[in-house]
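Order of listing sets the numbers, starting from 1, for every ligand and every atom in it.
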Amino acid sequence: MLDQYINLLKSGEVVAFPTETVYGLGADAKNPDAIKKVFEIKGRPSDNPLIVHIADKKQVEDFASEITDDAQKLMDAFWPGPLTLIFKKKPEVLDIITAGLDTVALRWPKHPLSQQLIALAGPVVAPSANSSGKPSPTKAEHVKEDFGDDFPVVDAGETEIGLESTVLDITSEPYTIYRPGAVSADDISSIIDKEVIQESNSSTDETAKSPGTKYSHYSPEAKVQWISGGDATFVEEALYLLHSRPAPRKNSRVIHYDGNFNKMAHELYDRFRHADHQHLEYVFIEPFSDEQLQKPIVQALQNRISKAIG
Ligand code: AMP
Ligand code: MG
């Protein structure tokens, strides 16, 4: 089933495939012409570096100039899985991947199809398979929405987590999370027994250490806003995403997650896209409490929703 996609990748074409986080837009990590196509198809700014996806810890040696003890412990604890690690790069890693930085981001995804594809086609760069600025794709249909019906996508239904990987810089201490995801600072600290800090969401300037974080992301056309105050007035042309407060009424525009934040993460981008199909003007989202924000998945939700608000 994967043969045609493997052949496409090997011949320098671009293929979308599922990971456990979101769908990725894959291209051969050793082929600069193929990687150029990824930037063109997405409309991605060239200063936003790509994550190289591998299918074996050994492949790290092809890209990273140094594998520290902490790096080894983190790979052993979290790979395959939703944690991207930033290493010092080998000189031969293509500049187009790293946007000229002296570091490279690596991840071994867990989805079995991504593992098979990468094992047979070799390491691939794989940003999220959406047009730049759109919500990341969590279904094959989302990819086709952005890139056309004939675009090659390995279709495996909905992705499990629904939000992108945690991005952790381990090239200097204190280790820094540039993008929160399903693996949290506490999860990471517990393995290496070191403090891990979270880069603030406000790095919108030119000096952002992780260039991707300065761009507006994940946004539907509809305006996304936190619900403020106790009693929001419910309007027709809006989607409401609630998780804890009682729903004033049940209808298809009021979605209640009953504290199931994993489900909320799993569905968030699909809800955003659906709101646009319905030409809704607003998506209103119930803010999270400090206690809820202790959960890694809620931190990731908060980060993506804040970026969608812009
Ligand atoms: P995407 O693949 O679209 O989900 O985005 C990849 C994210 O990883 C972006 O936020 C990039 O800025 C970040 N990233 C990739 N490579 C590096 C690197 N070498 N240093 C810092 N951040 C990186
Ligand atoms: Mg992306």
Problem - Contact (N/O only, under 3.5 Å) between Arg179 and ligand 1 - result: yes
Practice task
Please state whether the separation between the Mg ion (ligand 2) and some N/O/S atom of Ser128 is under 2.8 Å?
Solution key: yes
Problem - Minimum-distance pair of heavy atoms, taken over all atoms of Leu280 and Ala238 - result: CD1-C, 4.0 Å
Exercise for the section: Could you establish whether Arg44 and ligand 1 come within less than 4.0 Å of each other, counting only heavy atoms on the residue side? Expected result: yes
Completion exercise
In terms of heavy-atom contacts, Asn130 and Pro135 come closest through CB-O, 3.5 Å
Exercise for the section: Give the numbers and elements of all ligand 1 atoms closer than 4.0 Å to a heavy atom of Thr103. Expected result: 18 (C), 19 (N), 20 (N)
Handout entry: Worked check of side-chain hydrogen bond (donor to acceptor under 3.5 Å, both in side chains) between Arg179 and Thr84
Key = CA-CA 9 Å; Arg179 179 172 74 186; Thr84 295; 5.0 Å; no
Problem - Spatial distance of atom NE2 (His111) from atom CG (Leu117) [nearest 0.5 Å] - result: 11.0 Å
Problem - Under 4.0 Å to a heavy atom of Ile51 - the qualifying atoms of ligand 1, by number - result: 6 (C), 8 (O)
Practice task
Using the test side-chain hydrogen bond (donor to acceptor under 3.5 Å, both in side chains), find all partners of Tyr23 that sit at least two apart in sequence or belong to another chain.
Solution key: none
Fill in the blank from the handout: If we number the atoms of ligand 1 from 1 as shown, the ones under 4.0 Å from a heavy atom of Ile86 are 18 (C), 20 (N), 21 (C), 22 (N), 23 (C)
Exercise for the section: Would you please determine whether Leu101 falls within less than 4.0 Å of ligand 1 on a heavy-atom basis? Expected result: yes
Problem - Under the salt bridge (charged side-chain N to carboxylate O under 4.0 Å, His left out) test, residues paired with Lys223 that sit two or more places apart - result: none
Completion exercise
Honestly, for Asn48 the part within reach of ligand 1 (heavy atoms, under 4.0 Å) is side chain
Handout entry: Tyr178-ligand 1 polar pair, N/O distance under 3.5 Å
Key = no
Exercise for the section: Please check if atom NZ in Lys110 has more than 12 non-hydrogen atoms from other residues, nucleotides or ligands closer than 6.0 Å. Expected result: no
